[in-house]
Amino acid sequence: MSDLPGIVVTGVSGRMGRMLAQIVAESGKARLVAGVERPGHAWIGQDIGVAMGGAPLGALVTDDPVEAFARAQGVIDFTAPAATVEFAGLAAQARAVHVIGTTGLEEADLEKIGAAARHAVIVRAGNMSLGVNLLTRLTRKIAEALDEDWDIEVVEAHHRMKVDAPSGTALMLGEAAAAGRGVSLKDARVSGRDGITGVRERGTIGFSAIRGGDIVGEHDVIFAADGERVILRHVATDRAVFARGALRAALWGQGRKPGQYDMIDVLGL
Ligand SMILES: NC(=O)C1=CN([C@@H]2O[C@H](COP(=O)(O)OP(=O)(O)OC[C@H]3O[C@@H](n4cnc5c(N)ncnc54)[C@H](OP(=O)(O)O)[C@@H]3O)[C@@H](O)[C@H]2O)C=CC1
Ligand SMILES: O=C(O)C1=N[C@H](C(=O)O)C[C@H](O)C1
C-alpha cells in the first residue's frame with residue numbers, strides 16, 4: 001500500500017462526488033479509499049469507476065462510513081446538511097481531515113460541526129475554487145473603500161437541481177462585503193424581493209438567485225452608486241475547480257492542529 005493519504009468521498013454518486021472520485025484517483029497525491037452512499041443505493045459494493053460507467057478506480061462504494069473513515073486520512077464531503085453533521089462526528093472520531101463543501105447549513109448544524117472540530121481538522125467553504133476565494137478578498141477590500149452611497153447586491157445563478165438559496169458562495173461574498181463595511185450580515189441581509197417592497201433601505205446587502213439548466217455556478221457582486229457601478233464576477237464552467245480545491249484542502253489539513261479552517265487558510269490568501 002502507498003504512503004499517500006487515503007481519501008473517502010461521501011455522496012460519491014452525486015454531481016460533485018463523481019468529479020471528486022475521478023480527481024482524487026488521478027491526482028498522484030492521494031489514494032481513493034472508498035465512496036460512501038446511503039444503505040440501499042444501487043452503487044453499494046461496486047467499484048466507483050465501474051459504477052460511473054468507466055474504468056475501475058480500485059475503490060468500492062460502501063454504506064458504512066465508520067469502517068471507511070477508519071481506513072482514511074481525509075474525508076471529502078459534498079452531500080447535504082444532515083449527512084454532513086453526521087460525517088463531521090464520524091470523521092473526528094477517526095481523526096481524519098474533514099473537508100466540507102456542503103452548503104445550506106443552518107446555525108445548529110454549524111454548532112455541531114464546531115464541536116467536532118475540537119477533535120480534528122475541518123476545512124469548510126461554500127466555494128473551494130481559487131477564483132471565488134480571491135473574489136471574496138476583493139469584495140472585502142472594495143466594501144472597505146466605499147461608503148453606503150454604494151448599494152451592494154449579490155446575484156447568483158445555478159443549475160435547476162440546486163436545492164439551497166442563496167448559494168453558499170453568495171453568502172460568503174455577502175459576509176466579506178459586510179465585514180468590509182463593518183456590519184453584521186444578519187442585520188444587513190435582504191433576500192428575494194417580491195411585490196411592493198418599498199424603496200431600497202440604505203446600507204442593506206441584497207441577494208438574488210437564478211436557477212436554470214446546467215449552470216455550474218455564476219456570482220456577481222454589484223456595487224451600485226449614482227452614476228457608476230463596480231461589478232465583480234466569477235463564472236465557473238467546470239466542477240473540477242471545486243474538486244481540485246477540496247483535494248488541496250484535504251492534503252493541506254494533514255498534520256495540522258484540530259480546528260476549523262477555510263479555503264483562505266488553505267490558499268494562504
Ligand atoms: N463548496 C463548494 O465548492 C461546492 C459546494 N457544492 C455543494 O455540495 C453539495 C452537493 O452538491 P451536488 O454534488 O451538486 O449534489 P448531488 O445531489 O448531486 O449530490 C449529493 C450526494 O450526496 C448524497 N447523500 C446525501 N445524504 C447522504 C447520506 N446521508 N449518506 C450518503 N450520501 C448522502 C446524495 O445521495 P441521495 O441522492 O441518495 O440523497 C448524493 O449522491 C451541495 O450542498 C452543493 O451546494 C457544490 C459544488 C461546489
Ligand atoms: O450547488 C452547486 O452546484 C454549487 N454550490 C456551491 C454554492 O452553493 O455556492 C458552490 C458552487 O457555486 C456550486
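In each ligand, atom 1 is the first atom listed, and ligand 1 is the first ligand listed. All values below come from the heavy atoms of this structure, side chains included, with hydrogens, waters and symmetry mates left out.
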**Complete:** For His159, the ligand 2 atoms with a heavy-atom partner under 4.0 Å come out as 1 (O), 2 (C), 3 (O)
**Item:** Nearest protein heavy atom with distance in Å, relative to atom 1 (O) of ligand 2
**Value:** Lys162 NZ, 2.9 Å
**Item:** Distance filter under 4.0 Å to Gly168 heavy atoms, resulting ligand 2 atoms
**Value:** 7 (C), 8 (O), 9 (O)
**Heavy-atom gap Asn127 to ligand 1 smaller than 4.0 Å** = yes
**Message:** Looking only at protein heavy atoms, which one is nearest to atom 44 (C) of ligand 1, and what is the separation?
**Reply:** Thr103 OG1, 3.7 Å
**Asked** If you measure from each heavy atom of Gly104 to ligand 1, is any distance below 4.0 Å?
**Response** no
**Request:** Indicate whether the side chain of His158 and that of Ser167 have a donor and an acceptor atom separated by less than 3.5 Å.
**Result:** no
**Prompt:** Should Arg15 be counted as touching ligand 1, given the test is an N or O pair under 3.5 Å?
**Reply:** yes
**Asked** Is ligand 1 less than 4.0 angstrom away from at least one heavy atom of Ser13?
**Response** yes
**Asked** Can you list the atoms of ligand 2 that are under 4.0 Å from a heavy atom of Ser167?
**Response** 7 (C), 8 (O), 9 (O)
**Asked** Does some non-hydrogen atom of Leu171 fall short of 4.0 Å from ligand 2?
**Response** no
**Item:** Residue selection (non-hydrogen contact nearest atom 42 (C) of ligand 1) among Asp77, Thr79, Val36
**Value:** Thr79
**Message:** Using a 4.0 Å cutoff against the non-hydrogen atoms of Thr169, which atoms of ligand 2 qualify?
**Reply:** 7 (C), 9 (O), 10 (C), 12 (O)
**Complete:** When distances are taken from atom 19 (O) of ligand 1, the protein heavy atom at minimum range is Gly14 CA, 3.3 Å
**Prompt:** Charged N to carboxylate O below 4.0 Å: is that the case for Arg189 and Glu175?
**Reply:** no
**Message:** Using a 3.5 Å cut-off on N or O atoms only, is Lys162 in polar contact with ligand 1?
**Reply:** yes
**Item:** Interfacing atoms of ligand 2 (cut-off 4.0 Å, heavy-atom, Gly126)
**Value:** 6 (C), 7 (C), 9 (O), 10 (C)
**Request:** Please write down residue, atom name and distance for the protein heavy atom closest to atom 5 (C) of ligand 1.
**Result:** Gly101 O, 3.0 Å
**Asked** Tell me, which protein residue and heavy-atom name are nearest atom 38 (O) of ligand 1, and how many Å apart are they?
**Response** Arg38 NE, 3.1 Å
**Message:** I'd like to check which ligand 1 atoms, numbered from 1 as shown, lie under 4.0 Å from a non-hydrogen atom of Thr102.
**Reply:** 43 (O)
**Asked** Looking at ligand 2, does any of its N/O atoms fall within less than 3.5 Å of an N/O of His219?
**Response** no
**Asked** Of Gly245, Gly217, Gly17, Ala83, which has the heavy atom at the shortest distance from atom 29 (N) of ligand 1?
**Response** Ala83
**Request:** Could you tell me whether Lys162 and Glu156 have a side-chain N and a carboxylate O separated by less than 4.0 Å?
**Result:** no
**Message:** Given the ring of Trp252, does Arg256 sit roughly above its face, with NZ or CZ under 6.0 Å from the centre of the six-membered ring and within 45° of the axis?
**Reply:** yes
